[in-house]
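This report concerns only the one structure given below.
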2 protein chains.
Amino acid sequence: MKKDPPLAICSRCNLRELCLPTGLNAREMEQLDAIVTTRRKLSRGEALFRNGDAFKGLYAVRTGFFKSFVATETGKEQVIGFQMAGDIIGLDGIGSQQHLCDTVALETTEVCIMPWERLEDLSKDMPILQRHLHRIMSQEIVREHGVMLLLGTMRAEERLAAFLLNLAQRLNARGFSSSEFILRMTREEIGSYLGLKLETVSRTFTKLVDTGVIAVKSRHVHILDMAALKTMANAL
Amino acid sequence: MKKDPPLAICSRCNLRELCLPTGLNAREMEQLDAIVTTRRKLSRGEALFRNGDAFKGLYAVRTGFFKSFVATETGKEQVIGFQMAGDIIGLDGIGSQQHLCDTVALETTEVCIMPWERLEDLSKDMPILQRHLHRIMSQEIVREHGVMLLLGTMRAEERLAAFLLNLAQRLNARGFSSSEFILRMTREEIGSYLGLKLETVSRTFTKLVDTGVIAVKSRHVHILDMAALKTMANAL
DNA sequence: CGTCAAGTTGAACTAGCTCAACCCCCGTGG
DNA sequence: CCACGGGGGTTGAGCTAGTTCAACTTGACG
């Protein structure tokens, strides 16, 4: 974790449109730049924060993948999301001022740290930022509704199809191929997210391969028939 | 839907501590009162809003129960929450300025309407309100993590136990009995929320009755052994 | 008093789980 | 350079929790 005076990078960051509000003037941009004074690099398996850690601010993913999960005393774990470049992490901590889930790097990653106090402060005089924060939180709520729908009503094939589609769309929005990508998570982690056992995830993968919808080589996924995949997911 | 000049009621509302920030001075309280100019009564089955409706503001439940649910084009429905007095409804609409789920009254209800523009505006000069709004959204995110854990990892008995406990706690926080209450939703609605079929919900109820943990007479539930129920839920 | 929605219960079925064997990388150290 | 060790992945066989379908009961309300 290195610390230096304003990096003045947000204004030139290629993830700008993803994690920042649009329509800021130069002065506002400058003020925002001033907030992101710290970055942090993590390596595979390292925790960005743990359940119970004090909440200090939000994190914007610059590179790499994360997983967030909640766990019970009895050892059950539920992955609640995978975050990639441009995603904002840490919203769970705002309410109680401490984190209520774990977030761990799935590979080498880098995040920008945005101290919450300063965000709250700045948003008072910057309506665009205020609106953006509200938007991010609201969208996270909506995203979770989708996951609940998936967990509550969909069958294994539908779940996996929806998962792959979601990944594809998000990668596409970041300028990557939406039809060919590398999974950053294990079958077990996918299973935990989808409410399935890893064996079921594996079997469902081979089922999708057998029907010619995708090609899979370990973690390398190639979507061959996007339309068919969409039909299978048939539920956002 | 009746409309009259400032009802000046928040300041005297017995749900104050639930839906409003604490620590407001008289002037701030007055400003907040001025926001809630409208209330709305609904009867059983009536929709507060539907998926796609324009987002106008948040709703604070005054009396009665609601359910919110998302649905797919293919007819699948997932209940994402039940709201009772003091709960805030409508956060899903902030991001896109339109609602992305349905919310329907389960019985005769009344809500206070809080126009979003005015809330956003007022929160600029009222840090306590700003923080409160952030808190509400963050807590909703955390709540949904709990539901995801339930849907992804728990078995039928655990789900129902967790559901009943949650209801009991929330009713208790509102001054009602935590051991005896009336369910406002059908078995089917409970099932939709818990990711189970109505028959499974019914069977699980009778299982809990047979083991002496609860007594049930149609929608009337009596928790006989709170400790045992907690053990079964064993996962928040 | 009849009707209809909601709830219960039974019996057969099945999607996904469990357990277990096996394979395939890939990195490490001899 | 090769052997080996171990985490991740696949596949099979049997099992089980929960679903499905269907019959029946209960209770609220006009």
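Owing to the predicted nature of the structure, the values given are computational and were not obtained by experimental measurement. Just the heavy atoms: all of them, side chains too, but no hydrogens, waters or symmetry mates, feed the values below. In what follows, chains are A, B, ... by sequence order, proteins preceding strands, each numbered from 1.
Whole-Å rounding puts the A:R44 CZ to D:dG7 P distance at 12 Å. Note: CG (A:D210) to P (D:dT10) measures 12 Å, nearest angstrom.
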Sugar-phosphate or base contact per nucleotide [nucleotides 23-30 of chain D; S, B, -; heavy atom under 4.0 Å]: --------

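Listed by first then second residue, pairs satisfying salt bridge (Lys or Arg N to Asp or Glu O under 4.0 Å) with a partner in residues 187-216 of chain A read A:K67-A:E189, not counting sequence neighbours. Residue pairs meeting the salt bridge (Lys or Arg N to Asp or Glu O under 4.0 Å) criterion with at least one partner in residues 146-157 of chain A, sequence neighbours excluded, do not occur; the list is empty. Every pair tested for salt bridge (Lys or Arg N to Asp or Glu O under 4.0 Å) that includes a residue from residues 216-228 of chain B fails, sequence neighbours excluded, so the list is empty.
Rounded to 10 degrees, the angle separating the terminal helix axes of the helix from C:dC1-D:dG30 to C:dG30-D:dC1, each built from five base pairs, is 30°.
Using a 30° and 60° split on the angle between ring planes, A:F49 and A:H99 fall in the parallel class, below 30°.
For B:E46, the salt bridge (Lys or Arg N to Asp or Glu O under 4.0 Å) partners two or more places apart in sequence, or in a different chain, are B:R40. Listed by chain and number, the residues in a salt bridge (Lys or Arg N to Asp or Glu O under 4.0 Å) with B:R16 amount to none (sequence neighbours excluded). A:E107 meets the salt bridge (Lys or Arg N to Asp or Glu O under 4.0 Å) test with A:R184; sequence neighbours excluded. Under the side chain to side chain contact (heavy atoms under 4.5 Å, CB included) criterion, A:S96 pairs with A:Q98, A:L100, not counting sequence neighbours.
Interface residues of residues 195-204 of chain B facing DNA chain D, ordered by number: B:G195, B:L196, B:K197, B:E199, B:T200, B:R203; criterion, heavy-atom separation under 4.0 Å. Non-hydrogen atoms lying under 4.0 Å from DNA chain C are contributed by B:T186, B:R187, all within residues 183-193 of chain B.
Put simply, the side chain of A:Q139 does not reach to within 4.5 Å of the side chain of B:I94, judged on heavy atoms. A:Q83 is listed as a side-chain neighbour of A:T103, based on a closest heavy-atom distance under 4.5 Å. Within the 4.5 Å cutoff, side-chain heavy atoms of B:L106 are placed close to those of B:F82.
For the residue pair B:H145/A:Q78, the side-chain donor-acceptor check at 3.5 Å is not satisfied.
The number of heavy-atom neighbours closer than 6.0 Å to CZ of A:R50, taken from other residues, nucleotides and ligands shown, is above 12.
Close approach of DNA chain C to chain B, defined as any atom under 4.0 Å from a non-hydrogen atom of the protein, starts and stops at C:dA6 to C:dA11.
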Residues A:M154, B:T72; criterion side chain to side chain contact (heavy atoms under 4.5 Å, CB included); working and verdict: CA-CA 11 Å; A:M154 294 169 74; B:T72 68; over 6 Å; no

A:N234 and A:E158: CA distance, side-chain angles, deciding distance, side chain to side chain contact (heavy atoms under 4.5 Å, CB included) verdict: CA-CA 8 Å; A:N234 225 353; A:E158 302 173 312; 5.8 Å; no

